[in-house]
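Report on one structure; see the data block that follows.
First listed ligand is number 1; within each ligand, the first listed atom is number 1.
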Amino acid sequence: MPTSNLKTQSKLPKVGTTIFSVMSQLATEHNAVNLSQGFPDFEPEQSLKNLISECIHKSYNQYAPMPGIMPLRERIAEKTARLYNANYHPDTEITITAGGTQAIFTAIAAVIKEGDEVIVFEPAYDCYIPTIQLFGGIARMVQMEPPNFKIDWGIVKKLITNKTKLIILNSPHNPSGSILSEKDIKELINITKNTDILILSDEVYEHLIFDGETHHSMAKYPELAERSFIVASFGKILHATGWKIGYCLAPTNLMTEFRKVHQFNVFSVNTPFQYAIAEYLKDENTYLQLGLFYQQKRDYFAKLLQSTKFKLLPVKGSYFQTVSFAYYSDETDLDFAKRLTIDYKVASVPVSAFYTNGEDYKLLRFCFAKQEKTLELAVNNLLKL
Ligand code: PMP
C-alpha cells in the first residue's frame, strides 16, 4: 500500500481503540482470564443452533425485508405486549437491526442535527457520545457516582434547554449494574411533559434483572413510549453476542425516520438467523429464565470474591460486577487493570473509561457471563493479590 499524504480531517479526533479491544488484546497476549469484554464463554442452546442450520438449509438465504421478517417482528410484538402491556405494531413500529449498536447509531442519526443537545448519563456505554458527535450533536453529561450510580434529576433539570433533543438512558446499566426505579420514571415523565424531547432507551439487558426487581421499560409508560426509541439485543438474550442481531421499538412517526436511515445503512439483516430466532422465541422461557440464570452467576462470583481484597458494589441487573480496589492500591484504575492482567492473569475494564473526564473512582468492571470454572480460575488468581 503506498503511503497517502492526502489531508484528511478526522470526524472523531478524540476516538481511539476502545478500552474493550485494548483489554481483550492484553488478555490474549498474557494468557489472562478475560472478564473484560461483555460476552458469555458458554454456547447458545443446541436447539437454537440446530434451528439456524435448518433455516440455512431451507434456503432462507436471500435479503430479508428491510424492517425484518414478519414472524420475528410478530414474536417481538407478542413479547412486548406480554411483558410491558404495550402494543407495538409489527408493520410500522418494530425494526430488526444488526445488533443494539446499530439500532443506537441509527436512532441518533435519524434525529440529531448540528447543535442539538443530548443528555447522557456517565459512566456511559462507549458508542453514545461519538455517535452524537458524528451528527453534530452536543453531549451534555450527567455524572452518576458510586456506589449506587443514581441519577441526580436536579442536575438533569438544570441542563435542559430549548436545544435539548434527546435523553439517552440505559437500564439495567453497563457498567454499574444499577437500574431505573419507579421514582426515576416519575422524574422522567415530569421533565419531558409538554416538551418535544425524545428518549433513546438502551434496554439490551432488560431480562438480566435480579432479586425480584422490575425492569421499567419505557414501553410500559405511554407518556414515555410516545417519545422513545427502545433498543434490544438478541446477543444478550441468546448468549450469542457474535450474531449481532437486535431490534428497535418506536411509535410510527419515529420509526418512519429510523427506517429512512436504516435502509441506507444496512438495508436488512441476516435472514436465516431471523427465521431461527422467530421460531425459538415461541417458547417464552427462553428469555424469562435469564434473570435467575444470571442472578446465580452474580451470586456465585460474589461469594468467591468475598475472600479477595476487593469491595463489591451492588448489582441489580446486567452481567457486570463492579468492585472497588481503593482500600488496596492508589494506582490509577487503568494501571491497576493492566497490572492485574499482566501479573495476575485476570482482565477487567477500568471504569474511568466510561467517563469522558476520566473520573477515577478506583473501580474495575468484571463480566460474570462465564462458566463457573472460569469464574473460579479468575478468583484463584485474584486471591494472590
Ligand atoms: N448497549 C449496551 C449497554 C451494551 O452493553 C451493549 C453490548 N455490549 C450494546 C448496547 C450493544 O449490543 P450489540 O452487541 O447487540 O450491538
Side-chain angles (χ1 to χ4, degrees), residues 17-24 34-41 44 68 72 76 94-109 118 120-132 139 144 149 151 166-180 199-209 215-218 228-249 258 262 265-266 269-270 273-274 277 281 287 290 294 315-322 347-349 351 353-355 365-370:
T17 312
T18 74
I19 188 71
F20 309 105
S21 311
V22 171
M23 294 311 296
S24 273
N34 190 0
L35 304 189
S36 64
Q37 221 174 342
F39 60 84
D41 73 341
L72 183 54
I76 292 165
I94 300 174
T95 300
I96 311 300
T97 60
T101 311
Q102 187 239 312
I104 292 164
F105 187 95
T106 301
I108 293 173
V118 184
V120 180
F121 300 97
E122 288 196 319
Y125 184 58
D126 64 345
C127 73
Y128 306 149
I129 293 173
T131 311
I132 294 164
M144 301 189 293
F149 296 92
I151 293 175
L166 182 69
I167 299 177
I168 302 186
L169 292 159
N170 171 215
S171 178
H173 183 251
N174 175 9
S176 75
S178 67
I179 55 172
L180 288 177
I199 294 169
L200 171 53
S201 185
D202 180 344
E203 302 185 13
V204 300
Y205 299 105
E206 66 183 312
H207 301 297
L208 280 56
I209 189 151
H215 171 56
H216 293 291
S217 173
M218 297 302 122
S228 293
F229 295 98
I230 298 174
V231 170
S233 167
F234 287 119
K236 321 290 175 194
I237 299 174
L238 307 173
H239 312 308
T241 58
W243 292 356
K244 295 299 294 184
I245 300 191
Y247 61 91
C248 182
L249 309 173
F258 182 98
H262 178 78
N265 183 6
V266 290
V269 174
N270 191 318
F273 281 63
Q274 290 191 56
I277 295 170
L281 291 186
Y287 50 86
L290 285 171
Y294 275 109
V315 181
K316 295 187 170 173
S318 83
Y319 48 42
F320 301 110
Q321 171 72 61
T322 46
S348 57
V349 176
V351 171
F354 297 85
Y355 288 101
R365 187 201 78 175
F366 291 115
C367 170
F368 57 77
K370 307 292 169 187

Would you kindly say whether [X] and [Y] are connected by a side-chain donor-acceptor distance under 3.5 Å?
X	Y	answer
T18	S21	yes
Q102	T97	no
N265	T106	yes

(message) To check you understand the geometry: which heavy-atom pair defines the closest contact between K370 and F39, and what is its length?
(response) NZ-O, 2.5 Å
(request) Tell me, please: is K236 in heavy-atom contact with ligand 1, that is, under 4.0 Å? (result) yes
(message) For N170, state whether at least one heavy atom is located under 4.0 Å from any atom of ligand 1.
(response) yes
Which residue holds the protein heavy atom closest to [atom], what is that atom called, and what is the gap in Å?
atom	value
atom 5 (O) of ligand 1	Y205 OH, 2.6 Å
atom 3 (C) of ligand 1	D202 OD2, 3.3 Å
atom 11 (C) of ligand 1	T101 OG1, 3.2 Å
atom 14 (O) of ligand 1	K244 NZ, 3.2 Å

Determine the interplanar angle of the [X] and [Y] rings, folded into 0 to 90°, and report it as parallel if under 30°, tilted if 30 to 60°, perpendicular if over 60°.
X	Y	value
Y319	Y294	tilted
Y247	F234	tilted
F258	H262	parallel

(message) So if I count the atoms of ligand 1 from 1 in the order they appear, which ones are less than 4.0 Å from some heavy atom of G99?
(response) 15 (O), 16 (O)
(message) Show the atoms of ligand 1 that are less than 4.0 angstrom away from any heavy atom in S233.
(response) 12 (O), 13 (P), 15 (O)
(request) Return a yes/no value for G235: is any of its N or O atoms, backbone included, closer than 3.5 angstrom to an N or O of ligand 1? (result) no
